[in-house]
Student: 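Attaching a single structure in structure tokens format; questions to follow.
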Amino acid sequence: MDNKNLLEIRGLKTYFFTKYGEVPAVDGVDITVPKGKIVGIVGESGCGKSVTAMSIMHLVQPPGRVIEGQILLDGEDLVPKSIKEMNKIRGKRVSMIFQEPMTSLNPVYTVGKQVSEAILLHQEVSREEAKAKTIDIFRKVGIPEADKRYNSYPHQLSGGLRQRVMIGMAMVCDPELLIADEPTTALDVTIEAQILHLMRRLQRERGTSVIMITHNLGVVAELCDEVYVMYAGKVMEHANVFELFENPQHPYTHGLLNSIPDTSGTKDRLYTIRGMVPNLLKLPEGCRFCPRCDKAMKICTMREPEMHTTTEGHEVRCFLYDKEVMKNG
Ligand code: SF4
């Protein structure tokens, strides 16, 4: 493992074994998170981005499980870790922020107590020190009157303040890796901008590596250094953020970028990618994007494309970039 990287996911497969059949929610995914960088995972609902995150955290519930692959955190594979071992890693070395803080905050405890308990779990400090650290992190994440808010219950805070509490809770133990799963989707745009700015500032100050899971390419452009585009359980394209926006290569990435609403008034109609995300129980033969792809060729219905490196650091899973296939027509 390259020591510039904090996390290397290699050949990860997370399947759900339902009564209707096997659902390959994550189907052979490779993702690298360099130290101190923000890596975006983008795609539509059901593409496997959240299941990838849940797999890292060991939060996939039956009938789902990781069936293959490695999740190397600084060279140490998390996949075979026991619940006890993961409890020491979660919150301390790897933290997660969810889309809706109400699902992660306990409504019957004050937010201050909940953050203090997280500190006491992972750090050898007294209750008073944990309280002082909690108020300090509340200030750092921009919660006004942090000492008073310590005693607030989650329902007494706005959505934006609850998300700040969650970011504070995730950052308070200085994790090496922060996974943010659609952290601003439930917020209005002005609060979203503030939260993204806050995350960027904290990440820079602390050198944290971040995985940002989103369906929003605006968030990717704003925040990320590297981007992975996922579709139907597979990574379809990977590049640094400038390259991806300047030179998108996969037809699905083109579709996503063309679907961004245009405010300049030069487009009459909003582009949509035709068709639907495939049912993972009945994936099409060959390329998973084939039924929706305007560039599909005969071979696309017969074989799954491999990942091809087109320029340094830019990879794309599409036959259009397979020299052999294109040479032979
Ligand atoms: Fe389209 Fe074929 Fe490329 Fe799939 S492999 S994205 S169907 S051109």
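In each ligand, atom 1 is the first atom listed, and ligand 1 is the first ligand listed. Since this is a predicted model, take the numbers as computed values, not measurements. The chain is numbered in sequence order, starting from 1. The analysis underlying the following values was restricted to heavy atoms, covering all of them including side chains, and did not include hydrogens, waters or symmetry mates.
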Student: Once salt bridge (charged side-chain N to carboxylate O under 4.0 Å, His left out) is applied, what residue pairs with a partner in residues 103-116 remain, sequence neighbours excluded?
Tutor: K113-E117

Student: Below 30° counts as parallel, above 60° as perpendicular, anything between as tilted: where do the rings of F17 and Y15 land?
Tutor: tilted

Student: Are K133 and Q123 linked by a side-chain donor-acceptor pair shorter than 3.5 Å?
Tutor: yes

Student: Can you list the protein N, O or S atoms less than 2.8 Å from atom 4 (Fe) of ligand 1?
Tutor: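 Within the sphere that stays under 2.8 Å of atom 4 (Fe) of ligand 1, the protein atoms of type N, O or S are C287 SG.
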
Student: Among residues at least two apart in sequence or on other chains, which ones pass ring-ring contact (aromatic ring centres under 6.0 Å, His included) with Y228?
Tutor: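 Once residues adjacent in sequence are excluded, the partners of Y228 under the ring-ring contact (aromatic ring centres under 6.0 Å, His included) criterion are H238.
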
Student: Is it the case that atom NZ in K13 sees more than 12 heavy atoms from other parts of the structure closer than 6.0 Å?
Tutor: yes

Student: If the condition is side-chain contact (heavy atoms from CB on, under 4.5 Å), which residues does V66 pass it with, not counting sequence neighbours?
Tutor: L12, T14, S55, V79

